[in-house]
Amino acid sequence: EKGGYEHFMLKEIYEQPRSIYDCFRGRLNVEEGWVGLGGIKDYERKLVNANRIIMVACGTSWHAAQVGEYLIEDLARIPVEVEYASEFRYRNPIINENDVVIAISQSGETADTLAAIGLAKSKGATILGICNVVGSSISRVTDAGSYTHAGPEIGVASTKAFTAQVTVLTLMALSIARKKGTLGESRLRALLGDLEAIPAKVEKVLEKSNIVEEVAAVYKNAANALYLGRGNCFPVALEGALKLKEISYIHAEGYPAAEMKHGPIALIDEEMPVIVLATKGTSYEKVVSNIQEVKARKGKIIAIITEGDVQVKELADHYIEIPDTDENLVPLLATIPLQLFSYYVAVMRGCNVDQPRNLAKSVTVE
Ligand code: M6R
């Protein structure tokens with residue numbers, strides 16, 4: 001059942017070229033510049049005209065929502081708010097019929113997310129779902145939705161469900177953008193082509209697993225770890241930190257790289273591994289300065305870089321290269337080495353990777 005892998009988590013990490021492909025299959029056509037999500041077809045107008053989109057989720061699904069915020073705001077130009085379902089449900093939120101609420105959940109059973117949907121419904125908002133488990137409670141109580149089609153996820157630490165959620169959010173952003181005309185025809189086609197190329201690029205990242213394993217061996221006894229990213233790689237940093245915490249029990253924090261000097265920089269010494277998302281893009285130079293700040297305090301840099309990079313390669317103690325892609329799609333690739341890193345560290349520490357202590361696959365109590 002583990003298909004020859006030692007753990008479900010590793011199997012699920014390796015399934016991602018396929019699960020991402022399954023997620024966009026039939027939902028885009030590069031030649032025609034077409035993209036659409038059948039499940040929410042009847043709500044396309046509503047989305048295009050929405051004043052605001054509110055996303056509610058928990059845990060890793062909340063991180064996917066954070067990536068979705070960058071995608072929808074940048075590509076489709078609709079304001080997006082991302083909320084922890086548990087906070088949203090208890091804070092008397094301002095919400096009305098012109099808002100579209102998107103609930104994101106792998107299991108479709110998360111108690112807080114279900115309650116947040118109930119509240120938004122009572123205020124008259126349109127509710128869409130992004131779920132992995134077909135026929136789950138959330139998929140039944142939403143007005144419409146899109147499945148992620150990632151297949152069953154058994155490992156408690158979410159991996160392939162996250163990249164599938166980000167893929168659906170990319171498709172959603174692109175289909176709204178297409179209808180709204182916020183992207184030129186050629187930019188849309190280019191993005192669709194880049195999305196179609198992602199599974200093969202994920203495959204290339206997975207080929208680097210031995211390098212990730214070597215780095216994991218160096219830091220397996222760390223007491224803490226810091227993850228830094230900017231823009232759409234900030235939620236990737238949060239997700240990387242969550243993965244490490246969950247399965248290896250190492251204290252880890254994700255931060256927007258620029259926030260470091262407002263506090264966390266005090267933690268940095270020669271014992272501290274700092275995982276930096278430093279791929280090519282609009283904030284590249286800024287991230288380079290952040291790396292220099294960490295180096296000046298003797299922190300150890302593990303950088304995720306774009307293939308062919310030279311500057312960060314020289315500064316970093318360790319680097320893992322990922323293929324180049326459109327900046328909007330980088331989270332789909334940059335997440336993979338972080339999943340592998342947490343996996344190898346946890347295995348080396350003798351942890352129960354698939355069923356970490358104190359955690360359940362679906363959190364059906366608040
Ligand atoms: O099934 P859901 O996506 O609603 O679950 C939300 C969180 O409980 C879940 O993502 C959790 O944080 C995972 N253990 C993360 O790996």
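Counting starts at 1 for both ligands and their atoms, in listed order. It should be emphasised that the depicted structure is a prediction, and the values quoted were computed from it without experimental measurement.
- Looking at ligand 1, you'll find an N or O of Ser105 within less than 3.5 Å of one of its N or O atoms.
- Listed by number with element, the atoms of ligand 1 under 4.0 angstrom from any heavy atom of Ser158 are 15 (C), 16 (O).
- In this structure a side-chain-to-backbone donor-acceptor pair under 3.5 Å is missing from Lys11 to Lys2.
- For atom 5 (O) of ligand 1, the closest heavy atom belonging to the protein is Thr110 OG1, 3.5 Å.
- Lys243 counts as a contact of ligand 1, since one of its heavy atoms falls under 4.0 Å from the ligand.
- Of the N and O atoms on the side chains of Asn290 and Glu293, at least one donor lies less than 3.5 Å from an acceptor on the other residue.
- In terms of protein heavy-atom proximity, atom 13 (C) of ligand 1 is closest to Glu246 OE2, 3.4 Å.
- Screening residues 184-194 for side chain to side chain donor-acceptor pair (under 3.5 Å), with sequence neighbours left out, gives Glu185-Arg189, Arg187-Asp326.
- Looking at atom 8 (O) of ligand 1, its nearest protein heavy atom turns out to be Val363 CG2, 3.9 Å.
- When hydrogens are left out, the protein atom nearest atom 6 (C) of ligand 1 is Cys58 O, 3.3 Å; that is the closest non-hydrogen contact.
- Identified under the ring-ring contact (aromatic ring centres under 6.0 Å, His included) test for residues 218-254, with sequence neighbours left out: Tyr219-His318.
- Between the side chains of Tyr14 and Ser209, a donor-acceptor pair is found at a separation under 3.5 Å.
- Each of the following atoms of ligand 1 lies closer than 4.0 Å to a heavy atom of Val156: 13 (C), 14 (N), 16 (O).
- Of all the atoms in ligand 1, the ones that sit under 4.0 Å from a non-hydrogen atom of Ser61 are 2 (P), 3 (O), 10 (O).
- Every atom of ligand 1 is numbered from 1 in the order shown, and the set under 4.0 Å from a heavy atom of Gln106 is 1 (O), 2 (P), 3 (O), 4 (O).
- Checked by atom type, the side-chain pair Gln16/Thr159 shows no donor-acceptor distance below 3.5 Å.
- Ring pair His7/Tyr343 is perpendicular by interplanar angle, where above 60° counts as perpendicular and below 30° as parallel.
- In this structure, the protein non-hydrogen atom closest to atom 9 (C) of ligand 1 is Thr60 N, 4.0 Å.
- One side chain, Asn132 or Thr148, offers a donor N or O that lies under 3.5 Å from an acceptor on the other.
- Note that CG of Leu226 is 11.5 Å distant from CG of Leu244, once rounded to the nearest 0.5 Å.
- Interface of Ala157 with ligand 1, defined as ligand atoms under 4.0 Å from a residue heavy atom, comprises 16 (O).
- Using 4.0 Å as the threshold, Ser362 has no heavy atom nearer than that to any atom of ligand 1.
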